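Working notes, structure below.
Source: prediction; values computed, not measured. Worth knowing before you read on, the calculation uses all heavy atoms, side chains too, and leaves out hydrogens, waters and symmetry mates. Residue numbers start at 1 and run along the sequence shown.
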Amino acid sequence: MKTPEAETRRALARLRRAVEKARREVRGLRETLDRAEADGFPGDDYTAMAEHLDAITELVNREQSRQQAKILRAGGIGPGRLRRAGEHPLRRSAGGDEGRRP
């Protein structure tokens, strides 16, 4: 049986892929219509549509972060105990010498 958390992650991933596909389709449609209707093209409408897709992407990003934090808290891992991908565990800042081995 799948957990609600796993289903949520899958649904968010599907939504992200759908939005990215919609973004590609809108871009292609806009380019095609722009070539076909140079002077009658409703560019503002397509700009607004792209902004709406950006807003959906931001919502998905926030929800994915929220879900990840919720799962980590449930597992006893606080937000300060994780490192980002590619970050060395002994290096805390990009420019500082703190934590580096001699």
Checklist entry - Which pairs pass ring pair (Phe, Tyr, Trp, His ring centres under 6.0 Å) with one or both residues in residues 44-75, sequence neighbours excluded? => result Phe41-Tyr46

With [X], which residues qualify under side-chain hydrogen bond (donor to acceptor under 3.5 Å, both in side chains), at least two apart?
X     : answer
Arg27 : none
Glu5  : none
Glu31 : none

Checklist entry - Any salt bridge (Lys or Arg N to Asp or Glu O under 4.0 Å) pairs touching residues 61-70, not counting sequence neighbours? => result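 Applying salt bridge (Lys or Arg N to Asp or Glu O under 4.0 Å) to every pair that reaches into residues 61-70, excluding sequence neighbours, yields Glu63-Arg66.
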
Checklist entry - With hydrophobic residues grouped by side-chain heavy-atom distances under 4.5 Å, do Ile56 and Leu59 end up in a single group? => result no

Let me check something: any side-chain donor-acceptor pairs from residues 12-19 under 3.5 Å, sequence neighbours excluded? List them with distances.
residue : atom : partner : partner atom : Å
Arg16   : NE   : Gln64   : OE1          : 3.4
Arg16   : NH1  : Asn61   : OD1          : 3.1
Arg16   : NH2  : Asn61   : OD1          : 2.3
Arg16   : NH2  : Gln64   : OE1          : 2.4

Next on the checklist: Working note: Lys2 + Arg10, criterion side-chain contact (heavy atoms from CB on, under 4.5 Å); need CA distance, chi angles, decisive distance, verdict.
Outcome noted: CA-CA 11 Å; Lys2 296 178 183 172; Arg10 284 186 186 96; 3.7 Å; yes

If the condition is salt bridge (Lys or Arg N to Asp or Glu O under 4.0 Å), which residues does [X] pass it with, not counting sequence neighbours?
X     : result
Glu25 : none
Arg23 : Glu20, Asp54
Arg9  : none

Item to check | side-chain contact (heavy atoms from CB on, under 4.5 Å) assessment of Leu72 paired with Gln67 | outcome: CA-CA 9 Å; Leu72 293 174; Gln67 291 297 317; over 6 Å; no

Item to check | Side-chain heavy atoms of Glu37 within contact of Asp34, under 4.5 Å | outcome: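 Of all side-chain heavy-atom pairs linking Asp34 with Glu37, none is under 4.5 Å.
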
